[in-house]
> 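My questions all concern the structure below.
Residue indices begin at 1 and follow the sequence shown. Given the structure is predicted, the values throughout are model-derived calculations rather than measurements. Heavy-atom basis, side chains included; hydrogens, waters and symmetry copies ignored.
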Amino acid sequence: MIPVQNNRVKLKRQEGFTLLEILVAIAMFGVIISTVLASYTGTFKIVDETEYQADIYEMSRIVLDRICQDLESAYMKGGEEVSGAGDEIRENMRFVGEVKETTGVGLNILRFLSRAHLVFDEEDSGCGIAELVYYLAEDKEGDGLALYRSDTPEFRESPEDGSEGLILCQGLYSVNFTFYDTKGDAHETWDSRTDEFKDKLPSRVTVELLFLNRANPESHYRFMAGVSLPLARKKYEKAT
């Protein structure tokens, strides 16, 4: 017979957390996670913005370099070279810079003849002069505008406005050209078909690119470059 013990066997107390302790721990964990996520989010945002700015700087450098090379090789045929030509041919022998609203597709900005033809086809390898057209259009892949460059050999028919261009850059707010005559006076537009600039090239052109700023829409990224047109100087010196 098993003797009866006076002292009852004490059940071991099971250790655990109270509901209040669990809630406090969850709250502290949430604060820590929020702090870490905020730190990572801020870091990723800075990295993304830095990469975006680097892309803009690279695009602007390439675009300005391309435009300057094209303008340096700008060409204007004299009257003796197009004598007897029809109105349609004469229309192509021009240097035209236009200012229009930056809305809508197929906005022409600048059209001129140049010796800076880019060869993409063996059939064009012998072409020395081409009609270049720079125009803006709505950016189909993002916000803002896209800048296009059309390059058509002289012996081919001019494409319709706002067509057959290759995209140069995106995310633009505007592109502005300023044209200077041989006296140094600035002009917002230039048309070699008018009496004021008849068969003349501007002596100098400045190009301004404004890119959208995602971090601050009120402040745009601004890049500028200027280029002198050698042929304009030669024609002026010859005329005087």
> Measure across T178 and A186 and return the closest heavy-atom pair with its distance rounded to 0.1 Å.
CG2-CB, 3.9 Å

> Begin with the C-alpha distance, continue with both residues' side-chain angles, and end with the deciding distance and a verdict on side chain to side chain contact (heavy atoms under 4.5 Å, CB included) for L110 and L71.
CA-CA 10 Å; L110 186 62; L71 287 171; 4.0 Å; yes

> Look only at the side chain of T194 and the backbone of D191, and say whether a donor-acceptor pair between them is shorter than 3.5 Å.
yes

> Would a 4.5 Å heavy-atom cut-off, applied to side chains only, mark E98 and T189 as touching?
no

> Mind listing the closest non-hydrogen atom pair of F179 and E188 along with its distance?
CE1-O, 3.6 Å

> Which heavy-atom pair separates L212 from Y52 by the least distance, and what is that distance?
O-OH, 2.9 Å

> Any heavy-atom pair between the side chains of V63 and L147 that's under 4.5 Å?
yes

> Under 6.0 Å from the six-membered ring centre of F112 and within 45° of its axis: does the NZ or CZ of R94 meet both?
no

> Can you measure from OG (S228) to CD (E72) and round to the nearest 0.5 angstrom?
8.0 Å

> Under 3.5 Å, is there a donor-acceptor pair between the Y173 and N213 side chains?
no

> Between F95 and L229, is any pair of side-chain heavy atoms under 4.5 Å apart?
yes

> Would you call the rings of Y57 and F223 parallel, tilted or perpendicular, where under 30° means parallel and over 60° means perpendicular?
perpendicular

> Evaluate S192 against M76 for side chain to side chain contact (heavy atoms under 4.5 Å, CB included), listing each step before the verdict.
CA-CA 9 Å; S192 61; M76 175 65 65; 3.5 Å; yes

> Nearest 0.5 Å, please: how far is CG in L168 from CD1 in I62?
9.5 Å

> Take R193 and V96 through the test side chain to side chain contact (heavy atoms under 4.5 Å, CB included) and record every step on the way to the result.
CA-CA 8 Å; R193 302 166 297 180; V96 179; 3.8 Å; yes

> Enter the distance from S114:OG to D151:CG here, rounded to the nearest 0.5 Å.
8.0 Å

> CG of D143: more than 12 outside heavy atoms within 6.0 angstrom?
no

> Within this structure, what is the CZ-SG distance for the pair F211 and C169, rounded to the nearest 0.5 Å?
4.0 Å

> Does the side chain of L210 come within less than 4.5 Å of V175's, by heavy atoms?
no

> For a 4.5 angstrom cut-off between non-hydrogen side-chain atoms, does H187 reach F177?
no

> Shortest non-hydrogen contact from M224 to R222?
SD-NH2, 2.9 Å

> Salt-bridge test for D70 and R66: reply yes if a basic N is under 4.0 Å from a carboxylate O, no otherwise.
yes

> Considering only heavy atoms from C-beta outward, does the side chain of V31 approach that of F29 to under 4.5 Å?
no

> For the residue pair W190 and F197, categorise the inter-ring angle as parallel (less than 30°), tilted (30 to 60°) or perpendicular (more than 60°).
parallel

> Which heavy atom in A116 sits nearest to a heavy atom in S73, and how many Å separate them?
N-CB, 3.8 Å

> Using a side-chain heavy atom cutoff under 4.5 Å and only I, L, V, M, F, W and Y, what cluster partners does V24 have?
L20, M28

> Within a strict 4.5 Å, meaning less than it, do heavy atoms of the Y180 and T206 side chains meet?
yes

> Could you state the interatomic distance from CD1 (I33) to CD1 (I26), rounded to the nearest 0.5 Å?
13.0 Å

> Supply the atom-to-atom distance R111 CZ to L113 CG, rounded to the nearest 0.5 angstrom.
10.0 Å

> For a quick test of reading the model, state the closest non-hydrogen atom pair linking Y148 to G165 and the distance between them.
CD2-O, 3.6 Å

> Answer yes or no: is there a side-chain heavy-atom contact under 4.5 Å between L132 and R149?
yes

